[in-house]
Amino acid sequence: MAYDFQHIETKWQKRWADERTFSVIEDATRPKFYNVCMYPYPSGDIHMGHVRNYTYGDLLTRYKTMQGFNVLSPMGWDSFGLPAENAAIRTGVHPLIFTENQIERMKAQIGRLGAVYDWDRELAVHRPDYYRWDQWLFLELYDRGLAYKKNAPVNWCPNDQTVLANEQVVDGLCERCDGVVIKRDLDQWFFKITDFAQRLLDDLEGLEWPERVVTMQRNWIGRSEGCQFSMSVSGTDHSFEVYTTRPDTVFGMTFAVLAPEHPLVEQLISGSPREEEARLYIDRARNASEIERLSEGEKTGVYLGYDAVNPVNGRLVPIYIADYVLMGYGTGAIMAVPGQDQRDWDFASRYGIEIIRTVEPPAGWDGKAYTGDGPCINSGFLDGLAMVEAKARIIDWFESEGLGRGTVNFRLRDWLISRQRYWGCPIPIINCPDCGLVPVPRDQLPVIHPEVEDYAPAGRSPLAGVPEFVFVECPECGGPAERETDTMDTFVDSSWYFLRYADARNEDVIFDPEKVAYWMPVDQYIGGVEHAVLHLLYARFITKFFHDVGMVDVVEPFAKLFTQGMIVLSGGKMSKSRGNVVAPDEFFESHGADALRLYHLFMGPPTDGAVWNDSGVDGTARFLDRVWRIAVGEFAQTEEREESAADSEILADAHRTLQKVTSDIDRFAFNTAVAAQMEFSNSLSAYLHAGGRTQTLRECVRLQLLMLAPMAPHIAHELWELVGYGGLLAVEPWPRWDPELVKRDTVTMVVQVNGKVRDKLEVSVDVTAEEAEAVARALAKIQPWLEGATVRKVIVRPPTLVNIVVAND
RNA sequence: GCCGGAGUGGCGGAAUUGGCAGACGCGAUGGACUCAAAAUCCAUUGUCCACUGGGCGUGCGGGUUCGAGUCCCGCCUCCGGCACCA
């Protein structure tokens, strides 16, 4: 009987779906395991990255189920976003139709992979039963001052005609379209994630997350400790605050810099002789694209004609504006100490400003600014102090003088969530000329998308072009008012979907806290590393918010995170535009889903990236074929005979394989778990060629199928049925290995001379050190090395190693 | 520049605690079966040499150790992230 994977795979996929094998409910009697793969954007076709992701997730779902856990593995769709909208602009097909079609296609492909989910909990964020809760969440945040609107310079993508969050600007380019991002002053909605900065940093500690993701978040949050103090502008009533992490260098200040957007600048320049020059500079800085602004080139600036007073010594220093100082960080103004800061050094050199060192650079220092530690010089009462002491001392001084204080700063900015696009969740706010911003009453949610004629962005949301949508009565005063027409960033949708899975069909509340309490936290979260700061930071923030309002008991959503490496084809990242996409579909046809899954598991460590190689699947397909032939007896010419050493050896082998596969899966070493099973099937076929025994064969096959069940579930299920075991393999308990069988009587001992292997032999596992040394010395291959030499030392590590150290006289 | 990760055969990779380097697989070569091919099975497959044996070998240079892919010091290269954050 041939291995007809097409037929088998369809059969079992239907069975799992019909019997709802992987649909679960809360069950206090069993340990729970909440397993989530990051939900996909429904692009219509799954690619190898999805296959890899879902294969890992599905393996865990099946493995943990067999281990007796109550496993929740849900799936949903990140179905708002630009592709559907762009397709609508191109083809005129409504984004809703387009999106629902894509979901259908993609769901079918995920099914063909044999990945199983609790589809009863399926969610799609573009459906009103989901996004009404986005709107509800928005209003909860708004009520607590955590969602607010303000006019601010924001990142604007001229291609997509929408604003972007800081996290979505990569190297000054739009994350989606690679267009050059510019700054624009716009009224925009923000979520106040900065209120959570310290907690988002602190709580990283307890997470079982990849180090690099933790590091990326830590850097993104960017905590720094320093000092903020006030400087007065000589000859005026003005003063401004500066922030520095190096208050110990304050005696070296020779100028001060304000960001071009700093509010004081306007007051200082208006009417001054330098007004024209300054305005020219400010305009240029404002219109510069992010990419120009961020490029570390020449540092330029304009002297404002005023001087600031250094509070520690009364010295007057010139005030400049320069675009290397950013309005968005610290106070938007700095004291400049060119002796100890390279940027200030560059600026000072260009404009001929004096440079004073407050720390003597080490001998032979050929650099410019010296940022290292050392006793302070030229620093008044700080002279002689090292950096740490000097910082503490000067902060004390500022505080006692009432001029400044020690402060903490974060690089994290508030999360800009409004977008001027159609295919997103409408923001549930009404602008009333009399009442101001008025929340849409909760009982009027969801605010549904109106139909629009033209989806094309035009610098404002397409929703703004629909009068029936825009013009409403104010819920408070009943007067004429206008709806907010921006939609939310799709990252809002994904910041809480893992909570909704716990209670996905609830029509009354966003979720039942008791159900969430049962399932949360997510025990294993699996996805691509590209979400290291965006989604994973936002989701942590929103979870903390729900915790604070008493709806979620955990403070962190994802206990364990696994980030898979990217799959590339030789020549670079797979992408449609490069035309080097390898579609999973053809492998479902040619090799079957099981072989494809197994190859993904086998390719290499899941954390690493991998280069796709077509012929790799041949290898795993051959392995499955061999498993099939062994199980259905095409290999075996077994006959009943007395049990022999060969039988107990192959059985021991099966149990050792089981032991290794179990521990390998537990540590996410799927590649070696597959290798171990291949080795075992090689041994098993050798055993059969040498004349195996039916009874032993049956037990070996039984164990092999159980081990294979989470990895190549279709073939394992089919054989389980064919060989005549009852019940559904998916819910069989994961087998235990027999510790007695796994034990070895003998082991290979390595005999070294001067650390080099010269011979090996089988010895009993309980060989003593004396015996081991004696046998080793007696070996024929060892003798010649000992002749005419003095044995200096013998290292014996019974039962695996003897190393004889000799010296020639 | 800063932070993180990685460098092992022709290729993907293995070596979990400092103890047999190269498991497993791909590819390749030879053989069996076949009219033939595919499939399958068997064998070989790091490299060099004076080949029943031995030398060399895990990016490079040092070091610790009886023993180093693994630990330490100093470099090089590649990948990823952040990047005028005061």
Side-chain angles (χ1 to χ4, degrees), chain A residues 2 170-171 210-220 222 224 226-227 242-247 249 257 259 293-297 299 322-326 328-337 340-344 346-347 409-413 529-530 532-533 565-566 570 598-599 602-605 607-620 622-623 625-626 629 634-635 660 663-664 667 669 671-680 682 685 689 748-760 781 784 792-797 800-806:
Chain A
V170 180
D171 294 333
E211 194 51 44
R212 65 171 171 159
V213 176
V214 171
T215 305
M216 279 160 76
Q217 291 219 353
R218 202 174 276 140
N219 292 343
W220 192 264
S224 75
C227 173
V242 298
Y243 171 73
T244 177
T245 54
R246 291 295 303 276
T249 66
V257 186
R293 182 84 186 257
L294 291 175
S295 64
E296 290 172 55
K299 300 213 170 9
D323 65 3
Y324 79 93
V325 173
L326 309 173
Y329 184 77
T331 59
I334 62 161
M335 67 165 194
V337 184
Q340 317 307 134
D341 183 288
Q342 189 56 46
R343 294 156 303 185
D344 297 344
D346 294 342
F347 192 87
N409 249 299
F410 294 93
R411 303 177 62 170
L412 184 68
R413 318 281 170 83
V529 74
E530 65 273 17
V533 282
M566 231 176 8
S570 54
L598 221 45
Y599 178 55
F602 184 58
M603 267 202 286
T607 41
D608 293 0
V611 177
W612 181 260
N613 175 9
D614 275 357
S615 58
V617 192
D618 293 338
T620 51
R622 270 196 276 256
F623 161 64
D625 222 36
R626 191 160 54 239
R629 291 198 310 271
E634 290 181 15
F635 237 138
K660 176 158 176 61
S663 72
D664 280 357
R667 64 187 180 100
N671 52 336
T672 50
V674 174
Q677 296 203 51
M678 288 174 163
E679 262 181 282
F680 177 63
N682 290 343
S685 77
H689 278 298
T748 306
M749 185 171 79
V750 171
V751 183
Q752 301 179 329
V753 177
N754 289 344
K756 291 214 163 71
V757 179
R758 298 299 176 188
D759 203 1
K760 304 170 188 183
K781 283 187 188 167
R792 298 266 186 223
K793 201 173 182 181
V794 181
I795 284 102
V796 188
R797 296 276 177 277
T800 53
L801 179 123
V802 173
N803 183 14
I804 303 169
V805 186
V806 301

Q: Can you find a side-chain donor-acceptor pair between A/Asn682 and A/Arg626 that sits under 3.5 Å?
A: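 Short answer, yes.
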Q: How many angstroms lie between atom CZ of A/Arg411 and atom CG of A/Leu326, to the nearest 0.5 angstrom?
A: 9.5 Å
Q: What string of B, S and - do you get for nucleotides 22-32 of chain B, 5' to 3', if B is base contact, S is sugar-phosphate-only contact and - is no contact with any protein heavy atom under 4.0 Å?
A: -BBSSS-----
Q: Give each stem of RNA chain B as a range with a range, requiring at least 3 consecutive Watson-Crick or G-U wobble pairs whose two distances are under 3.5 Å.
A: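 Looking at RNA chain B, the stems formed by three or more consecutive pairs are B:1-7 with B:76-82, B:10-12 with B:24-26, B:27-32 with B:40-45, B:46-49 with B:53-56, B:59-63 with B:71-75.
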Q: Base of B/C66, side chain of A/Asn803 - is there a donor-acceptor contact under 3.5 Å?
A: yes
Q: What nucleic acid atoms does A/Gln677 come within less than 4.0 Å of, heavy atoms only: base, sugar-phosphate, or nothing?
A: nothing
Q: Starting at the 5' end of RNA chain B and moving along, which residue's nearest nucleotide shows up first, A/Lys793 or A/Val533?
A: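 Nearest nucleotide further toward 5': that of A/Lys793.
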Q: Does A/Pro210 reach a base, just sugar-phosphate, or nothing at all? Heavy atoms under 4.0 Å.
A: nothing
Q: Can you check the distance between B/A68 and B/G19, where both ends of the measurement are the C1' atom (answer in whole Å)?
A: 10 Å
Q: C1' atom, B/G18 versus B/U70: distance in rounded Å?
A: 7 Å
Q: Could you check if the base of B/G9 is syn or anti? Syn means the glycosidic torsion is within 90 degrees of 0.
A: syn
Q: Mind checking A/Arg411 for me? I need base, sugar-phosphate or nothing, with any heavy atom below 4.0 Å counting as a touch.
A: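 Result for A/Arg411 = base.
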Q: Counting only side-chain nitrogens and oxygens, does A/Thr800 get under 4.0 Å of the OP1 or OP2 atom of B/C20?
A: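 It does not, given that no N or O in the side chain of A/Thr800 lies less than 4.0 Å from OP1 or OP2 of B/C20.
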Q: Identify which nucleotide among B/U16, B/C3, B/C20 has an atom closest to any side-chain atom of A/Lys760, counting heavy atoms from C-beta outward.
A: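 The answer is B/C20.
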Q: Atom pairs under 3.5 Å, N or O on each side, protein against nucleotides 49-57 of chain B: can you list them with distances?
A:
{"residue": "B/G55", "atom": "OP1", "partner": "A/Arg758", "partner atom": "NH2", "Å": "3.1"}
{"residue": "B/G55", "atom": "OP2", "partner": "A/Arg758", "partner atom": "NH1", "Å": "3.2"}

Q: Syn or anti for B/C51, given that syn means the glycosidic angle lies within 90° of 0?
A: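 You should classify B/C51 as syn.
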Q: Return the NZ to CE distance between A/Lys760 and A/Met749, rounded to the nearest 0.5 Å.
A: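 One finds 13.0 Å between NZ of A/Lys760 and CE of A/Met749.
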Q: Rounding to a whole Å, what distance do you find between A/Arg667:CZ and B/U16:C1'?
A: 5 Å
Q: Could you tell me whether the phosphate oxygens of B/C79, OP1 or OP2, come under 4.0 Å of any side-chain nitrogen or oxygen in A/Arg212?
A: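 For B/C79, OP1/OP2 do not have a side-chain N/O of A/Arg212 under 4.0 Å.
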Q: Of the nucleotides B/G81, B/A86, B/C66, which has the atom closest to the A/Met216 side chain?
A: B/G81
Q: What is the separation between atom CH2 on A/Trp220 and atom P on B/G4, rounded to the nearest whole Å?
A: 18 Å
Q: Where the side chain of A/Tyr324 is concerned, which of B/C84, B/G4, B/A86 is the nearest nucleotide?
A: B/C84
Q: For residues A/Ile795 and A/Arg797, report the shortest heavy-atom separation together with the two atoms involved.
A: CG2-NH1, 3.7 Å
Q: What is the minimum heavy-atom distance between A/Gly755 and A/Asn803, and which atoms define it?
A: N-OD1, 2.9 Å
Q: For the atom pair CD1 (A/Ile334) and OH (A/Tyr324), what is the distance rounded to the nearest 0.5 Å?
A: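 Going from the CD1 atom of A/Ile334 to the OH atom of A/Tyr324 covers 4.0 Å.
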Q: Can any side-chain N or O of A/Asn409 pair as donor or acceptor with the backbone N or O of A/Ser224 at less than 3.5 Å?
A: no
Q: Distance check, C1' atoms only: B/U45 and B/C26, in whole angstrom units.
A: 13 Å
Q: Pairing donors with acceptors under 3.5 angstrom, does anything connect the side chains of A/Tyr599 and A/Asp614?
A: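 Note: A/Tyr599 and A/Asp614 side chains miss the donor-acceptor criterion.
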Q: Any N or O donor-acceptor pair linking the side chain of A/Gln752 to the base of B/G19 at under 3.5 Å?
A: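 Present.
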Q: Can you tell me how far CZ of A/Arg246 sits from CG of A/Asp344, rounded to the nearest 0.5 angstrom?
A: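 Result: 11.5 Å between the selected atoms.
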Q: In this structure, how many angstroms lie between the P atom of B/C41 and the NE2 atom of A/His689, rounded?
A: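 Those two atoms, NE2 and P, are 7 Å apart.
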Q: Quick one, A/Val806 and A/Asn754 - any side-chain contact, counting heavy atoms below 4.5 Å?
A: yes
Q: Please examine the side chains of A/Met335 and A/Thr249, heavy atoms only from C-beta on, and report whether any two atoms are closer than 4.5 Å.
A: yes
Q: Any idea which heavy atoms bring A/Thr672 and A/Arg667 closest together, and the distance?
A: OG1-NH2, 4.0 Å
Q: Donor-acceptor pair under 3.5 Å: do we get one between A/Arg797's side chain and the base of B/G19?
A: yes
Q: Between B/C84, B/A86, B/G19, which one does the side chain of A/Thr244 approach most closely?
A: B/A86
Q: Between A/Lys660 and A/Val750, which has a closest nucleotide on RNA chain B that is more 5'?
A: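 On the 5' side of the pair lies A/Lys660.
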Q: Does a salt bridge link A/Asp618 with A/Arg622, judged by any charged N lying under 4.0 Å from a carboxylate O?
A: no
Q: Would you mind reading off the distance between A/Gln340 atom CD and B/A86 atom P, rounded to a whole angstrom?
A: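 It is 16 Å, rounded to the nearest whole Å.
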